[in-house]
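To find a chain, count down the sequence lines: A is the first, B the second, and so on, and within it residues start at 1.
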Protein chains: 2
Amino acid sequence: MKITYKGDYALKTILDLARHYGNSPVTIHDLAKRADIPIKFLEQILLDLKRGGFVESRRGKVGGYLLAKEPSGIKLGEVIRFIEGPIEPIACVSKNYQGCNSIYNCVLREVWQWVNKATCGIIDNITFEDLLKKIEDSDCTISYQI
Amino acid sequence: MKITYKGDYALKTILDLARHYGNSPVTIHDLAKRADIPIKFLEQILLDLKRGGFVESRRGKVGGYLLAKEPSGIKLGEVIRFIEGPIEPIACVSKNYQGCNSIYNCVLREVWQWVNKATCGIIDNITFEDLLKKIEDSDCTISYQI
DNA sequence: ATAATCCCTATTGTATTAGTAGAGTATACC
DNA sequence: GGTATACTCTACTAATACAATAGGGATTAT
Ligand code: FES
Ligand code: FES
């Protein structure tokens, strides 16, 4: 798996929205500023995230973005897969792959399947609520500021 | 981590050479044919692998390529890192990274560090001898052919 | 000599990535 | 109703990486 800027930005944005879950909408301006994301790039990302059902938006004055579900209902893996596509290290890992030309090389495939499984085991078992909890528990809480 | 064609080809080629370890050199023609790799692309890859100290070559007639070390002395991770560069999913995972602008986002960094650790735990603990053993043990041995 | 082999650099076509640009639409508030 | 403040959408672009391809050159067994 490789995380692109777009994916990184998407996760940071959702995390920010998770921190403000239950409150009034957050403007793209604030989101962009806090995570240091080019605003026009973030625009596209938020559009994507909306289509993916991760965020909602309110237009007009006092508008902004909101998380569409509870932080506990969004797993890291979902967002990553939606934004980045398949996460496996190489295409032949997927179930319905035809197999390579030589059975001797397929031992490599098995290795990639392990790697894939290990990765999924992590990102599919972490929700944004878990991340929020981690932030709270950390000793960084002192420098908290919106 | 994402495996490119180049990396995939490199691993398959070293595995092939591992299977012929201790015998006479294997020609690029045979390597390319068995793994279905464009021969001119493989040329470059073998040049790289030579510079990396993974393979040796004999020029002229009856020349070819040989593994430079025992299969048990080459880990998957070494080859991957040499061919593909850093394997971490995102740059900020590396030790001496400055840290992002917001401590709230750094919980993500920790996730990537887990993913990275899990991946390294796999690829840095598998040698090409392990792969050879895996091939022997598998029931595919029947259709063995050089 | 010659055929088979490896050695090396340069170039190319395509796709992906990380933005930028610029127009449009909705809403709160006076 | 006008206007400022927000979100919406499509198109474009510069830079880079990827996956080869091309074309010569050097070495060695026979
Ligand atoms: S199927 Fe990918 S290496 Fe055999
Ligand atoms: S350092 Fe990468 S997310 Fe904070």
**Message:** One thing to verify: whether A/Glu43 and A/Lys40 come together as a salt bridge, which I'm taking to mean a side-chain N less than 4.0 angstrom from a carboxylate O.
**Reply:** yes
> Would you say a side-chain N or O of A/Tyr9 is under 4.0 Å from OP1 or OP2 of C/dG19?
Replying inline: yes
CD1 of B/Ile74 to CZ of B/Phe54, rounded to nearest 0.5 Å, is 7.0 Å
Whole-Å distance, B/Ile83 CD1 to D/dA17 P, equals 16 Å
Q.
Could you check whether B/Arg81 pairs with B/Asp124 (Lys NZ or Arg NE/NH1/NH2 to Asp/Glu carboxylate O, under 4.0 Å)?
A. yes
### Message
Considering every strand and a 4.0 Å limit on heavy-atom distances, what is the contact class for A/Phe41: base, sugar-phosphate, or nothing?
### Response
base
B/Leu46 CG to C/dC7 P, in whole Å, measures 8 Å
* Would A/Arg51 and A/Asp48 pass as an ion pair if we require N to O under 4.0 Å? -> yes
The residue, A/Arg58 or A/Gln44, whose nearest nucleotide of DNA chain C is more 5′ is A/Gln44
To the nearest angstrom, the CD1-C1' distance between A/Ile3 and C/dT16 comes to 16 Å
To the nearest angstrom, the CG-P distance between B/Leu49 and C/dC8 comes to 14 Å
A/Asp48 atom CG is separated from D/dT10 atom P, nearest whole Å, by 11 Å
Practice problem: For B/Ile28, answer base if it contacts any base atom (sugar-phosphate contacts may also be present), sugar-phosphate if it contacts only those atoms, and nothing otherwise; contact means non-hydrogen atoms under 4.0 Å. | Solution: sugar-phosphate
To the nearest angstrom, the CG-P distance between B/Leu47 and C/dT9 comes to 8 Å
Rounding to 0.5 Å, atoms CD1 (A/Ile90) and CG (B/Asp8) come to a distance of 3.5 Å
Q) Is any side-chain N or O of A/Tyr5 closer than 4.0 Å to OP1 or OP2 of D/dA15? A) no
note: B/Ile37, atom CD1; D/dA20, atom P; distance rounded to Å ~ 10 Å
Taken to the nearest whole Å, CZ/A/Arg51 to C1'/D/dT8 is 8 Å
When B/Ile39 and A/Val26 are each assigned the nearest nucleotide of DNA chain D, the 5'-most assignment goes to A/Val26
Are A/Lys69 and A/Glu78 within salt-bridge range, i.e. N to O under 4.0 Å? yes
Contact string for nucleotides 23-30 of chain D, one letter per nucleotide 5' to 3', B = base within protein heavy-atom range under 4.0 Å, S = sugar-phosphate only, - = neither, reads B-BBBBB-
Of the listed C/dT9, D/dC7, C/dC6, the closest approach to the A/Ser57 side chain comes from D/dC7
query = So, B/Asp36 and B/Lys12, do they make that salt bridge, N to O below 4.0 Å?
reply = no
- Query: Is there a side-chain polar atom (N or O) of A/Lys50 under 4.0 Å from OP1 or OP2 of D/dT8?
  - Reply: yes
